[in-house]
Protein chains: 4
Amino acid sequence: MAPLNEEQLVQIRDERREQIMAAALKVFSRRGVVGTKMSMIVKEAGISHGLVYHYFKSKEELFVTLVRSAIDGSQDAMLAIKNHPGSAYDKIRMLAEDMLDEQGAPYFQLIYQARTSEGVPEEAKQLIYKYSMGDYIEILAPLFVQGQQEGTIASGEPGEMVASFLTVLTGVIMVAAVEDQQYHIPDIEMLLKLITK
Amino acid sequence: MAPLNEEQLVQIRDERREQIMAAALKVFSRRGVVGTKMSMIVKEAGISHGLVYHYFKSKEELFVTLVRSAIDGSQDAMLAIKNHPGSAYDKIRMLAEDMLDEQGAPYFQLIYQARTSEGVPEEAKQLIYKYSMGDYIEILAPLFVQGQQEGTIASGEPGEMVASFLTVLTGVIMVAAVEDQQYHIPDIEMLLKLITK
Amino acid sequence: MAPLNEEQLVQIRDERREQIMAAALKVFSRRGVVGTKMSMIVKEAGISHGLVYHYFKSKEELFVTLVRSAIDGSQDAMLAIKNHPGSAYDKIRMLAEDMLDEQGAPYFQLIYQARTSEGVPEEAKQLIYKYSMGDYIEILAPLFVQGQQEGTIASGEPGEMVASFLTVLTGVIMVAAVEDQQYHIPDIEMLLKLITK
Amino acid sequence: MAPLNEEQLVQIRDERREQIMAAALKVFSRRGVVGTKMSMIVKEAGISHGLVYHYFKSKEELFVTLVRSAIDGSQDAMLAIKNHPGSAYDKIRMLAEDMLDEQGAPYFQLIYQARTSEGVPEEAKQLIYKYSMGDYIEILAPLFVQGQQEGTIASGEPGEMVASFLTVLTGVIMVAAVEDQQYHIPDIEMLLKLITK
DNA sequence: GATGAATGAGCTTTCATTCAT
DNA sequence: TATGAATGAAAGCTCATTCAT
């Protein structure tokens with residue numbers, strides 16, 4: 001007799017929104033904006049076409065929302081690293097691991113897709129330009145300096161080293177996204193050789 | 001106006017074909033198959049829509065042709081490396097340089113796109129599966145073994161090292177393709193640290 | 001909470017029905033059938049989407065119900081005029097006033113929309129064809145004749161005059177429905193000049 | 001052998017554009033923006049869906065283009081009237097005739113639709129607000145004053161009379177657009193009684 | 001060989017309608 | 001009775017491909 005109460009509705013809405021975003025992240029991160037058809041997201045989420053538009057105004061808005069959330073997520077991850085105990089080397093290693101694992105990878109893939117794709121709205125590009133890579137460098141550079149002082153990180157201009165390291169990590173993540181036996185993801189130890197003495 | 005003779009026609013045909021392929025390579029390598037519109041290729045090549053279809057049956061065929069040519073090109077490059085004088089380390093370095101430079105990069109990007117993209121015809125996937133990465137490993141593995149014996153390459157299972165190294169190189173190439181200031185391409189010296197002692 | 005008794009339920013039902021019809025009339029009369037979205041009616045009525053379908057089978061049925069009610073209303077108005085004391089001219093003037101005022105206008109707009117719109121079900125078209133304009137002419141024609149005899153109405157074929165007059169009135173009502181400063185509704189005196197000596 | 005030359009292409013493009021605009025005017029003016037489906041325009045013009053988008057970016061842009069052209073056309077018509085010899089009464093009569101005839105009517109219907117419809121972009125609304133009715137009043141008001149001096153036009157505030165007269169004409173045009181036997185378009189003589197002594 | 005107007009399959013998006021609560 | 005999340009048919013729009021010239 002009674003309709004659902006406010007609390008239940010909010011819960012349903014949140015769940016559904018998460019469900020759609022999770023499905024969309026999965027598809028977008030692999031295929032990019034143009035390569036992703038709404039039907040793929042819809043199928044992945046197990047819902048109808050129309051429902052996506054109940055929660056997101058357009059494919060574009062859905063993508064931008066994901067990018068924004070990816071940036072937020074990566075910033076949280078970085079704060080966690082910063083406050084974590086351990087040597088500079090440990091922290092850098094931890095960050096690299098976070099980037100490469102199943103949780104982190106899609107976000108970096110998404111950011112890469114955002115930079116690559118045609119259909120990406122300027123808004124998303126701006127967001128990425130301002131927040132994504134820049135923040136990483138800002139946090140990592142001091143860690144690199146510290147590592148150099150601690151004798152674990154190779155000498156060299158820290159900013160450049162960080163940028164190079166992130167570029168390699170991003171590249172590996174992108175390639176790793178391809179479900180293909182032939183690309184082999186290097187382990188952390190190997191990747192860390194890039195920046196250690 | 002005198003009609004063109006046979007030879008001239010053949011020449012025009014070949015030139016046009018090259019022109020279209022060059023344009024298509026440029027676009028496909030950055031945007032992938034779905035991300036590339038025929039109009040982009042047409043604009044890049046400075047020709048009409050119709051003309052592409054005089055030379056290639058479809059967008060798909062054009063892409064497959066490029067993949068085939070990319071594979072041929074990379075095989076040539078590898079033979080050149082093989083026959084080049086110098087230490088194993090020198091050869092590996094040279095190969096890495098070739099992959100990363102303006103000439104080589106588009107081919108690897110294309111192969112990556114072929115693996116990634118949805119719209120890629122099975123034919124192209126087969127081609128790549130058989131020839132591309134496998135060949136590299138086949139040639140590089142002995143070089144890695146030799147390098148280990150010469151004391152320049154780090155110890156470890158050679159096949160795995162080669163695959164990892166190629167994965168990193170491919171990743172860097174893909175990321176480098178994005179026209180974006182923030183991704184910073186590491187120099188060869190840094191990348192070689194991945195596999196050296 | 002005590003359950004509502006039969007009488008209360010009936011009352012709620014009637015009120016809700018009226019509420020929906022009033023909202024629908026407001027929107028349909030301005031925007032027509034295709035131009036009206038259920039969400040507009042729902043918003044105007046301040047109820048939920050689902051509730052409309054408790055009272056009306058479809059958007060179509062809701063519209064037809066309104067048309068029927070409009071016709072009923074206009075017939076009542078005409079009987080009132082007929083039985084009203086006064087000269088033919090007075091009666092005609094009164095009718096014109098009734099048509100133009102806030103009460104009457106929506107009905108005429110609705111009838112106009114029914115004639116215009118694509119999405120109008122055949123049933124509504126039939127209703128209108130049979131009852132709406134014809135009735136007016138049937139009642140007004142004798143009044144015009146009487147007015148001509150009384151020397152207030154200009155000479156001319158009465159049927160045609162009535163039809164022309166009604167066309168003008170309908171047109172003015174339709175244009176007046178547009179919330180726009182630039183359309184200026186003429187006053188009754190001016191409009192009556194169309195048919196007076 | 002040779003492709004079409006520039007001149008021929010321009011001609012084809014112009015013709016096609018006109019053809020689409022004529023078809024769209026016909027449909028839009030009767031049905032409004034929402035009521036008009038692209039398939040209707042396409043069918044009326046006898047072309048394919050895609051072709052419309054070769055010439056107009058969207059349904060919206062097509063509509064705005066028509067509105068703009070309607071405004072231009074009506075301004076031309078008014079200049080012609082202004083420069084025409086004859087009494088003020090003659091000129092007003094001529095303008096009214098122009099508005100009502102088959103040529104002029106669709107334009108006024110279009111402008112009416114633009115004011116009514118939901119889907120009309122702000123751009124079109126602005127255009128109309130600035131140019132359409134205002135211009136008419138600007139030109140007609142002096143004619144009314146002149147007519148009052150010449151003793152043909154009834155006394156009264158000229159601006160208001162003009163606005164009222166135009167409202168009636170627009171209303172008649174809208175109603176006349178309905179293909180319905182029951183609405184009867186009054187003749188010019190009758191309509192002019194609205195404003196004459 | 002070369003052009004670009006024209007086509008139409010397929011994708012994105014809207015909105016009347018349904019249904020679990 | 002009342003709600004609004006969910007559905008899906010149909011509309012708008014894109015783009016690979018064709019074809020008259």
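The chains referred to below are lettered A, B, ... by the order of the sequence lines, with proteins before strands, and numbering in each begins at 1.
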Checklist entry - Counting only heavy atoms not in Lys26(D), do more than 12 sit closer than 6.0 Å to its NZ atom? => result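 Counting other residues, nucleotides and ligands, NZ of Lys26(D) stays at 12 neighbours or fewer.
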Just the rounded figure in Å: distance from [atom2] of [N] to [atom1] of [X].
{"X": "Ile20(D)", "N": "dA5(E)", "atom1": "CD1", "atom2": "P", "value": "12 Å"}
{"X": "Leu9(D)", "N": "dA20(F)", "atom1": "CG", "atom2": "P", "value": "16 Å"}
{"X": "Arg13(D)", "N": "dG4(E)", "atom1": "CZ", "atom2": "P", "value": "8 Å"}
{"X": "Lys57(D)", "N": "dC15(F)", "atom1": "NZ", "atom2": "C1'", "value": "17 Å"}
{"X": "Met38(A)", "N": "dA9(F)", "atom1": "CE", "atom2": "C1'", "value": "17 Å"}
{"X": "Arg31(D)", "N": "dA11(F)", "atom1": "CZ", "atom2": "P", "value": "13 Å"}
{"X": "Arg17(D)", "N": "dA5(E)", "atom1": "CZ", "atom2": "P", "value": "13 Å"}
{"X": "Glu60(D)", "N": "dT13(E)", "atom1": "CD", "atom2": "P", "value": "15 Å"}

Among [options], the nucleotide that comes nearest once only the side chain of [X] is considered:
{"X": "Lys37(D)", "options": "dA2(F), dA11(F), dA5(E)", "value": "dA11(F)"}
{"X": "Ser48(D)", "options": "dA16(F), dG8(E), dT13(E)", "value": "dG8(E)"}
{"X": "Tyr53(D)", "options": "dA5(E), dT1(F), dT14(F)", "value": "dT14(F)"}
{"X": "Tyr55(C)", "options": "dT13(E), dA2(E), dA2(F)", "value": "dA2(F)"}
{"X": "Arg16(B)", "options": "dA6(E), dT12(E), dA2(E)", "value": "dA2(E)"}

Checklist entry - Taking atom types as they are modelled, is there a donor-acceptor pair under 3.5 Å from the base of dA2(F) to the side chain of His54(C)? => result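 Indeed, a donor on one side and an acceptor on the other fall under 3.5 Å apart.
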Treating [X] as the side-chain partner and [Y] as the backbone partner, does any N or O pair qualify as donor plus acceptor under 3.5 Å?
{"X": "Gln109(D)", "Y": "Arg30(D)", "answer": "no"}
{"X": "Lys59(C)", "Y": "Thr36(C)", "answer": "yes"}
{"X": "Gln8(A)", "Y": "Asn5(A)", "answer": "yes"}

Checklist entry - Between Ile47(B) and Val52(D), which is nearer to the 5' end of DNA chain E once each is assigned its nearest nucleotide? => result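 Nearer the 5' end of the strand: Ile47(B).
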Checklist entry - Start at the 5' end of DNA chain E and walk down; is the nucleotide closest to His49(B) or to Gln8(A) reached first? => result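 Upstream on the strand: His49(B).
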Next on the checklist: At 4.0 Å (heavy atoms only), tell me whether Leu51(D) reaches a base, stays on the sugar-phosphate, or touches nothing.
Outcome noted: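 Counting heavy atoms under 4.0 Å across all strands, the contact made by Leu51(D) includes a base.
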Item to check | Sugar-phosphate, base or nothing in reach of Phe56(A), heavy atoms under 4.0 Å | outcome: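 Answer is nothing: Phe56(A) stays at 4.0 Å or more from every strand.
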Checklist entry - So which nucleotide does dC13(F) pair with, by the Watson-Crick or G-U wobble rule with both distances under 3.5 Å? => result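 Checking every strand shown, dC13(F) finds its partner in dG10(E), with both distances under 3.5 Å.
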Checklist entry - So what's dA16(E) paired with, Watson-Crick or G-U wobble, going by both distances under 3.5 Å? => result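 Here dA16(E) is engaged in a pair, and the nucleotide opposite it is dT7(F).
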Checklist entry - Between Gly46(C) and Gly50(B), which has a closest nucleotide on DNA chain F that is more 5'? => result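 Checking each residue's closest nucleotide, the 5'-ward one belongs to Gly46(C).
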Item to check | Worked check of side chain to side chain donor-acceptor pair (under 3.5 Å) between Glu7(C) and Gln11(C) | outcome: CA-CA 6 Å; Glu7(C) 196 184 338; Gln11(C) 197 194 332; over 6 Å; no
Next on the checklist: Set out, in order, the CA-CA distance, both residues' side-chain angles and the distance that settles side-chain contact (heavy atoms from CB on, under 4.5 Å) for Tyr107(A) and Ile71(A), then state yes or no.
Outcome noted: CA-CA 8 Å; Tyr107(A) 289 111; Ile71(A) 289 170; over 6 Å; no
